[in-house]
Each structure stands twice: as structure tokens, then as C-alpha cells.
There are 2 protein chains.
Amino acid sequence: MTLDERIALLGQSITFSSLTEEEMVELAGLCRIRSLNAGEYVFMEGEEPDWLYMVAEGRVKVLKHSSQGKEFIISFFGPGEMFGEVAIFQNRPYPASAQAVSELKVIAIKRDDFHTFLRNRPETVFRMIHVLSGRLRDAQVRLRDLAAERVEQRLARVLIMLASRLGPVLPFTRQEIADMVGTTPETTIRLMSKLKEAGIIASSRGRTEIVDEARLRELSEGLQPM
Amino acid sequence: MTLDERIALLGQSITFSSLTEEEMVELAGLCRIRSLNAGEYVFMEGEEPDWLYMVAEGRVKVLKHSSQGKEFIISFFGPGEMFGEVAIFQNRPYPASAQAVSELKVIAIKRDDFHTFLRNRPETVFRMIHVLSGRLRDAQVRLRDLAAERVEQRLARVLIMLASRLGPVLPFTRQEIADMVGTTPETTIRLMSKLKEAGIIASSRGRTEIVDEARLRELSEGLQPM
DNA sequence: CGCCTATTTGAAAACCGTCAAAGTATGTGG
DNA sequence: CCACATACTTTGACGGTTTTCAAATAGGCG
């Protein structure tokens, strides 16, 4: 992959889009590209944090396993989005695993190189703080939801959240949705079947489309249980 | 409150303890002090983020309300700890409310003043990133726990987490613990009564002491249900 | 077609929340 | 010092939501 291609990929990122031409060249020079097949892990929870990653092509899911081996999906990331940054900034093991969902290309930057690069780029540092703050905000909303809302509302909220990031057509299996909502595939299926009957969503194998977002929003507020 | 007193308070914070004498003086000059009684709110979810706060004396709890009005406690903060920073960095409304648990004194710094102060303090900025990263890491652990662990294990983990920050004697009511675990006071009482009988904790009104942390850890792993 | 994976459905049980009521500590004012 | 108010704690019974287990069906791909 050429330098120009790497620069183009970096430009997809909100964090780096403000860099000057020279800075882009410098950063691109620090990058490695890794290609992975679906199911392969970019890193595993507990590994030493040597690299910061950004998605170039495809999607990655960041997840944690429970004590009984069930997995919880913390987030999906697509092109231009960064992951692994918590470990990098704390210089402690990755707190979660990152797994390729589809064919995946990621840009990897060595921890020390990145820290050096940031040293005199306050603008970039503030953008990273902005990203971290946004993730913390999202995490707090989900914490509250998991602690206090029932599955039906959590499901509605996850679907809304995904639709706001990816558009109305969502490429996820029932299992993946269940792992984001924090429930079982069976419960997800039962609830989504009701949503389907009510004409709120349409869905087939590994694909869900939000048809009536307004009603989904009502459900997510718990105003009127189905 | 004198400038020197404010400087002493700022020095309690990990984030600011690395500042030079002059920087401390400058920052202390930007601070206001607010005193609140137990139960009063420092800020409410949804308000405009004009101030960054740090606890000077007492404790504050940061919480969100569910759609049914139940509250979920995101975190407690004590002297030297910062809160409200997510809103400040994003310049969006506070994502949660902050309420005084006891008599409380907080240091408040105006958003714009703080941003100006940070502009040429890369060291301080990196410390803030470190704090944010740690909170995100903690949030991810709790997300996984809420999504995949049963109440008994979540309770054990919350107690362990609190003990690691505050020592073995915890000044919380059953209600507060329930609001951190994401359950009801009744369930909390039932489980804690069992922990008491088993000699794992001792507790009285508004106070819980971890006696046998090793066994609590076993419970938190779900190795042997009680 | 045949295999693999995803989806669906059913029945039973576990977990936990809700509701109601009573008991117990803490502090306040008379 | 006692009576009372208040808030926290405890207990029991019940019911609903959700998980678990099991089995069957359906869709996609070589």
C-alpha cells in the first residue's frame, strides 16, 4: 500500500482530518497496514497495548467475555474510526478484544510513535479527548439502560443508536444484536418478531431494516409497551 | 477562601499535582468555591456545561435517571476527583446529574478559562486523557457486568471496586448500593444478609465492612454460587 | 442436493422486581 | 429523658420478565 493510499485512509478519520499535508505524511509514515479475515482477532483482552488501530476497510467489533463465556459487544467500528486507544493512553493491557466482522483492513500505529507524534499537536490531542468524551457519554447512557430499562426498551434503543450511525439498514445477526442489548438470541427473536408484525422493522437473515423509527422511539421511551 | 487554600485543594488532584508553582497560582485564580448541603445538586443532567468541577471536601454522586424515574449511580467522587469533564470537553449538556451526598465543597472552573489554561499545558492534557481513559475502562467493565452477570456477582464486584478505592469500610446505604448495582434495595438486602451470615461482610445502618475479600472475589467470579 | 448457520417456536423454571407491612436505628423537640 | 418523626432495614408473598433447554424450520452456499 502506497503512502498516498495511507494518507487517504487517515483522512477518513475525524481525528486526523485537520492535520496539515506535512503532518499527514509524517503520520502515514508511521503506519502499518494489517489485513484480517472475518473472525480473526486484531487483539485480545489482556494483551500488551503496543498498537493504536484505525479501521481502513470493513468492520470490527469490540467485545468482552463474561465469567460464563457469554460475550458482550461494546461497540462496532467502521472506516475512519479508532480503537484500542484506552489501552494506549494508559499503557495498560487492552480492556477488551477486537474481532474482525468481515474482511478487515486496519491501520496500526505503534504506541510510542503515536505519543511522540501527539506531543506537539494540541489540536489532535483535543480531538482525541473529544472522541473519548463521546464514548464515555455513550457508555453512561448504556449503563443506565442496562441497569434500569427492560429488554424491549434496550433493544429499541440499540436499534435506534445503530440506525443513527449506519443508516436504516443494519447488517447484524440476531445473535449480534442480542450481544449488544445484553440478552439472549431467543428473547431478541421474540421481541423482533413482534416488531416485525407491528410493521416497525423488516428483517431477514443477518439484516434488519428500521421502517418506522418514530414508533421505535416511543417504545424506547417505554411510553406504551407492545 | 484564600488563594493558598485553593492551591492546597488543587494539589489534592492527581491531574494538577504536576503543575508548577506559577501554574498553580494561575489556575487557583480561575477557581470559584461552591458549598452545598447534602441532597443539593451541583448540576442536573441536560444543563449547559459552563463549569468543570473538582471535589474539595465531602462526596458527590453522579447519577442518571431512567425513564421510570429510578436512579442509577454512575460513580461517587471524593476529594481531588474531577467531574463534569465530559460535558466540558464536548461543549454539550451534562450527561448526568451530580448530587451532594454529604456537606460538600467543590471547586469550579469556568469552561472557557479551563480550555485556555490547557492550551499550553500538554502534560496536564495528557493527565486528563489518562483519567478519561480510566473511566472508560471502568465503564466497559461495568457494562459487561450489567449485561452478562447476575445480581449476586454484580453486587460482589461493586463492593470489591468500592473497597479498592475507599478501603474496607464503605459508607453507603442499601439503597445507594442497589443504585450502583442496578437492582432494588430489597434484593440487595436479601443478598447482603446472606453475605453477613457467611461472615463475608459486616454491616449496620449506612455502613458496610468487607471482612473476607477473598471469598467475595470468588463470588464475583461466579465460581460457587451461595 | 447437502451442510452449516441463523432463525423460530414451545414449555418450564429461575431470577428478580414489586407490593405491603413491620421492625429498628438516629436524631429532634418537648 | 422520653416521645415522636424520619429514614433505613428487614421479611414475606406473589407475579412477571427473561433465561434456559430442546427441537424444529428455513436460508444460503459450495
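Naming: A, B, ... by sequence-line order, numbering from 1 per chain.
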Legend entry - Heavy-atom closest contact (A/Val55 atom, A/Val106 atom, distance): CA-CG1, 4.4 Å
Legend entry - Closest heavy-atom pair and its distance - A/Ala100, A/Val60: N-CG2, 4.3 Å
List the atom pairs, donor and acceptor, that lie under 3.5 Å between side-chain atoms in residues 86-98 of chain A and the rest of the protein, sequence neighbours left out.
residue	atom	partner	partner atom	Å
A/Gln90	OE1	B/Arg137	NE	2.5
A/Gln90	OE1	B/Arg137	NH2	3.2
A/Asn91	OD1	A/Arg111	NH1	2.9
A/Tyr94	OH	A/Trp51	N	3.2
A/Tyr94	OH	A/Trp51	O	2.6
A/Ser97	OG	A/Glu45	N	2.9

Legend entry - 5' precedence on DNA chain C between B/Glu149 and A/Gln175 (nearest-nucleotide basis): A/Gln175
Legend entry - Those residues that, when tested against B/Phe72, pass ring-ring contact (aromatic ring centres under 6.0 Å, His included) (two or more places apart): none
Inset, instruction - Measure from CZ on B/Arg207 to C1' on D/dT9 and round the result to the nearest Å. - result: 15 Å
Legend entry - A/Asp145/A/Arg154 salt bridge by N-O under 4.0 Å criterion: no
Legend entry - Ion pair check, B/Arg217 and B/Glu213, cut-off under 4.0 Å: yes
Legend entry - Per-nucleotide protein contact string for nucleotides 23-30 of chain D (B base, S sugar-phosphate only, - none; heavy atom under 4.0 Å): ---BBS--
Inset, instruction - Mind calculating the distance between CG (A/Leu191) and C1' (D/dG16) to the nearest angstrom? - result: 14 Å
Inset, instruction - Quick one: list whatever passes salt bridge (Lys or Arg N to Asp or Glu O under 4.0 Å) with B/Arg135, sequence neighbours left out. - result: B/Glu85
Legend entry - Check against ring pair (Phe, Tyr, Trp, His ring centres under 6.0 Å), A/Tyr53 and A/Phe77: CA-CA 11 Å; A/Tyr53 292 96; A/Phe77 294 115; over 10 Å; no
Legend entry - Pairwise side-chain contact, A/Thr183 with A/Ile177, heavy-atom cut-off 4.5 Å (strictly under): no
Inset, instruction - Shoot me the first and last contacting nucleotide of DNA chain C against chain B, ordered 5' to 3', at under 4.0 angstrom to non-hydrogen atoms. - result: C/dC15 to C/dT26
Legend entry - Closest heavy-atom pair and its distance - B/Leu219, B/Glu152: CD2-OE2, 3.5 Å
Inset, instruction - Considering only NZ, NE, NH1 and NH2 on the basic side and carboxylate oxygens on the acidic side, decide whether A/Arg207 and A/Glu209 come within less than 4.0 Å. - result: yes
Legend entry - Atom-to-atom span, CE of B/Met192 to C1' of D/dT10 - whole angstrom: 13 Å
Inset, instruction - Report the distance from atom CG of B/Asp179 to atom P of D/dT9, rounded to the nearest whole Å. - result: 12 Å
Polar pairs (N or O, both sides) under 3.5 Å between protein and nucleotides 19-21 of chain D?
residue	atom	partner	partner atom	Å
D/dT19	OP1	A/Thr183	OG1	3.1
D/dT19	OP2	A/Thr183	OG1	2.5
D/dT19	OP2	A/Thr187	OG1	2.7
D/dT20	O4	A/Arg190	NH2	3.0
D/dC21	N4	A/Glu186	OE2	3.3

